[in-house]
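As a basis for the values below, the full set of heavy atoms in this structure was taken, side chains included, without hydrogen atoms, waters or symmetry mates. We're numbering straight along the sequence, starting at 1.
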Amino acid sequence: MAPIVPIAPIALWQQLGAVAAALQAIRSGQSGTAVLAAVDAGLRPGVQALLFQVLRQAGRAELLRRQLAARTPPPAVDALLCVALALCWNPEDAPYAPFTLVNQAVEAAKHSAAARAQSAFINACLRRFLREREALLAATDDDPLARWNHPRWWIRQLRQDHPRHWQQILQANNRHAPMVLRVNQRKCSLAQYLRALDAIDMQATVVADMGLALRQPVPVQALPGFAQGWVSVQDAAAQQAAPLLLQGLDLRQPLRVLDACAAPGGKTAHLLELAGADAPLQVTALEIDATRSARIDASLQRLGLGAQVLVADATRPQDWWQPHCGGAPFDAILLDAPCSASGIVRRHPDVRWLRRATDIAPLAALQARLLRALWPLLRPGGRLLYCSCSVFRAEGDAPVQAFLAHHTDARLLPSPGHLLPGNADKDGAVPDNAGGDHDGFFYALLHKLPP
């Protein structure tokens with residue numbers, strides 16, 4: 001029998017080195033999701049936790065690094081310095097003692113081919129920070145980049161779009177988002193799933209009609225019945241889409257529904273769950289990216305649901321509507337448009353550092369093209385729900401108002417409008433739309449008038 005080799009514990013310097021490499025990759029334009037997927041599975045949980053904390057404090061860290069080193073160091077050295085500063089600048093929130101973080105950051109530099117030659121420089125900078133912490137913090141306190149840890153253009157845009165709530169949005173973006181589940185009512189009730197959670201000492205509170213917010217996040221494999229399709233992970237804001245689209249429709253009649261930008265399939269599945277097993281609902285899920293489209297199929301299979309899934313461009317219905325959908329108009333269309341993702345920064349803190357101010361206009365133009373392309377596919381009397389996971393008005397209220405101004409056969413029905421992240425006060429929302437702890441989102445429900 002071969003001897004059992006004990007698994008060595010993961011050293012903190014290893015984690016810090018991996019976090020610095022991830023930060024450097026994000027700075028070069030890679031998404032946090034892709035970067036973390038490339039991290040060794042054994043390192044990934046700790047690296048993700050530290051990386052998210054770093055990204056939520058990256059503005060402060062960058063300004064502190066500028067105080068310590070006037071000239072920008074090489075990318076690997078700069079990333080490692082900023083990682084250490086982001087984690088230790090506030091001892092109350094530091095995951096480890098600041099001296100430990102400094103020591104282990106220097107150790108990470110010594111093990112890095114790209115930073116080894118400047119390990120002494122890193123040591124000098126960080127130990128100076130520990131000695132002069134109060135003065136260095138005071139020199140950065142008044143800078144919006146340090147106070148809010150968002151790019152300056154982002155802060156300016158929020159102040160313009162939401163003059164009453166911009167500070168609350170930024171504060172919410174720097175907090176952890178809850179893990180929210182959507183119970184599949186085809187398989188169990190909310191009460192039944194609450195009992196299943198209680199049986200294994202998982203605490204949750206009810207949100208939305210079929211939603212539960214967990215007190216503590218857990219791997220999905222730990223959720224009762226996840227593999228059997230009892231629940232899905234979906235934020236409370238996103239859970240509003242399917243009920244909004246289906247409200248007022250007679251689900252006893254045959255209905256054709258299009259989910260136009262469907263990946264990863266959460267809203268497609270929710271539509272089918274709400275309709276019930278006996279409803280004659282035909283759902284077409286459209287996704288331009290083949291890899292992301294495969295996630296729709298996997299999600300529907302796990303939940304025991306069926307839909308027509310097409311890999312196609314929603315802005316070019318001539319390529320897919322006649323050949324694959326028979327050219328018949330849809331009774332309802334869900335358009336969850338590609339956007340800046342500025343509303344889901346709590347869950348994806350890298351987004352704020354990846355986006356540029358120049359990204360917004362092209363995205364808004366794409367959203368307008370999608371609205372124009374899909375509107376002719378809707379039958380008179382039908383409804384289209386436009387939504388985006390953005391808090392910027394250029395991606396919410398603005399394209400909808402422009403669309404209404406040019407389409408006299410469209411009427412805006414009562415809709416939530418802009419939902420602000422983690423904030424019960426929603427600027428522009430209908431009065432009876434209950435608030436809660438959710439992502440930032442925008443919803444506009446459009447009715448197509450008969451000719």
Peer 1: If we ignore hydrogens and angles and just use 3.5 Å, is the side chain of R352 paired with the main-chain N or O of P151 as donor and acceptor?
Peer 2: no
Peer 1: Look only at the side chain of R56 and the backbone of H176, and say whether a donor-acceptor pair between them is shorter than 3.5 Å.
Peer 2: no
Peer 1: Quick one: CG on L244 to CG on L413, what's the gap to the nearest 0.5 Å?
Peer 2: 10.0 Å
Peer 1: Can a donor-acceptor pair be found, under 3.5 Å and without considering hydrogens, that links the side chain of R182 to the backbone of Q234?
Peer 2: no
Peer 1: Parallel, tilted or perpendicular: which fits the ring planes of F403 and W375, with parallel below 30° and perpendicular above 60°?
Peer 2: perpendicular
Peer 1: Judged by modelled atom types alone, do Q301 and D297 share a side-chain donor-acceptor pair under 3.5 Å?
Peer 2: no
Peer 1: So which heavy atom on V391 is nearest to which on S342, and how close?
Peer 2: N-OG, 3.0 Å
Peer 1: When rounded to the nearest 0.5 angstrom, what distance separates OG1 in T408 from CG in L449?
Peer 2: 8.0 Å
Peer 1: Could you grab the distance from atom CG of L404 to atom CD of Q401, nearest 0.5 Å is fine?
Peer 2: 5.5 Å
Peer 1: Please check: side-chain N/O of Q192 versus main-chain N/O of S189, any donor-acceptor pairing under 3.5 Å?
Peer 2: yes
Peer 1: Under a 3.5 Å distance rule, please check whether R215 uses its side chain to pair with a backbone N or O of A204 as donor and acceptor.
Peer 2: no
Peer 1: From the options V283, I333, D331, select the one residue that forms a side chain to side chain contact (heavy atoms under 4.5 Å, CB included) with L258.
Peer 2: I333
Peer 1: Is the number of heavy atoms from other residues, nucleotides or ligands within 6.0 Å of CZ (R66) greater than 12?
Peer 2: yes
Peer 1: So Y193 and W230, would you call those rings parallel, tilted or perpendicular, with 30° and 60° as cut-offs?
Peer 2: perpendicular
Peer 1: Do any N or O atoms from the side chain of R256 and from the backbone of P329 form a donor-acceptor pair under 3.5 angstrom?
Peer 2: yes
Peer 1: Drop me the distance from R347's CZ to M179's CE, to the nearest 0.5 angstrom.
Peer 2: 9.5 Å
Peer 1: Salt bridge check: are R295 and E287 linked by an N-O gap of less than 4.0 Å?
Peer 2: no
Peer 1: Might you point out which heavy atoms bring K448 and P376 nearest each other, and give the distance in Å?
Peer 2: NZ-CA, 3.9 Å
Peer 1: Using a 6.0 Å cut-off, check whether atom CG of D250 has over 12 heavy atoms from anything other than its own residue.
Peer 2: yes
Peer 1: Which pair of non-hydrogen atoms, one from A262 and one from A285, has the smallest distance, and what is that distance?
Peer 2: CB-CB, 3.7 Å
Peer 1: Could you pull out the closest heavy-atom pair between L16 and L80, with the gap in Å?
Peer 2: O-CD1, 4.1 Å
Peer 1: Where do L55 and L23 land on the side chain to side chain contact (heavy atoms under 4.5 Å, CB included) test, with the steps shown first?
Peer 2: CA-CA 8 Å; L55 291 169; L23 178 61; 4.0 Å; yes
Peer 1: To the closest 0.5 Å, what do you measure between CD (E62) and CG (L85)?
Peer 2: 11.0 Å
Peer 1: Taking Y443 for its side chain and A241 for its backbone only, find out whether a donor-acceptor pair lies under 3.5 Å.
Peer 2: yes
Peer 1: Side-chain contact test, heavy atoms from C-beta onward, threshold under 4.5 Å: evaluate it for V231 versus N184 and give yes or no.
Peer 2: no
Peer 1: Give the intermediate values and the outcome of side chain to side chain contact (heavy atoms under 4.5 Å, CB included) for residues H438 and V207.
Peer 2: CA-CA 9 Å; H438 48 62; V207 294; over 6 Å; no
Peer 1: Any salt bridge linking D141 with R60? Criterion: basic side-chain nitrogen under 4.0 Å from a carboxylate oxygen.
Peer 2: yes
Peer 1: Determine the minimum heavy-atom distance between L310 and C325, stating which atoms define it.
Peer 2: CD1-SG, 4.1 Å
Peer 1: Using a 3.5 Å distance criterion without hydrogens, assess whether the side chain of R44 forms a donor-acceptor pair with backbone atoms of V39.
Peer 2: yes
Peer 1: If you count the non-hydrogen atoms of other residues, nucleotides and ligands that lie under 6.0 Å from CG in D209, is the total more than 12?
Peer 2: no
Peer 1: Go through it in stages, so that I can follow the logic: the residues are Q15 and L43, the test is side chain to side chain contact (heavy atoms under 4.5 Å, CB included), and I'd like the CA-CA distance, side-chain angles, deciding distance and then a yes or no.
Peer 2: CA-CA 7 Å; Q15 291 186 320; L43 276 173; 4.0 Å; yes
Peer 1: With P421, which of D437, D439, N173, L170 fulfils side chain to side chain contact (heavy atoms under 4.5 Å, CB included)?
Peer 2: N173
Peer 1: Show the numbers, then the answer: is there a side chain to side chain contact (heavy atoms under 4.5 Å, CB included) between L36 and V47?
Peer 2: CA-CA 8 Å; L36 286 168; V47 169; 4.1 Å; yes
Peer 1: Could you state the interatomic distance from CG (L274) to CG (L281), rounded to the nearest 0.5 Å?
Peer 2: 10.0 Å
Peer 1: Donor-acceptor check, side chain of K187 to backbone of G225, threshold 3.5 angstrom: yes or no?
Peer 2: no
Peer 1: W148: which residues meet the ring-ring contact (aromatic ring centres under 6.0 Å, His included) condition with it, sequence neighbours left out?
Peer 2: W166
Peer 1: Regarding R302 and the six-membered ring of F226, is the cationic atom NZ or CZ under 6.0 Å from the ring centre and inside 45° of its axis?
Peer 2: yes
Peer 1: Any luck finding a side-chain donor-acceptor pair between Q367 and S388 under 3.5 Å?
Peer 2: no
Peer 1: Should the ring pair F392 and W153 be called parallel, tilted or perpendicular, given that the plane angle runs from 0 to 90° and is split at 30 and 60?
Peer 2: tilted
Peer 1: If the condition is ring-ring contact (aromatic ring centres under 6.0 Å, His included), which residues does W353 pass it with, not counting sequence neighbours?
Peer 2: none
Peer 1: Which heavy-atom pair separates L363 from C339 by the least distance, and what is that distance?
Peer 2: CD1-C, 3.7 Å
Peer 1: For the backbone of R356 and the side chain of W154, can you confirm whether one donor and one acceptor N or O come within less than 3.5 Å of each other?
Peer 2: no
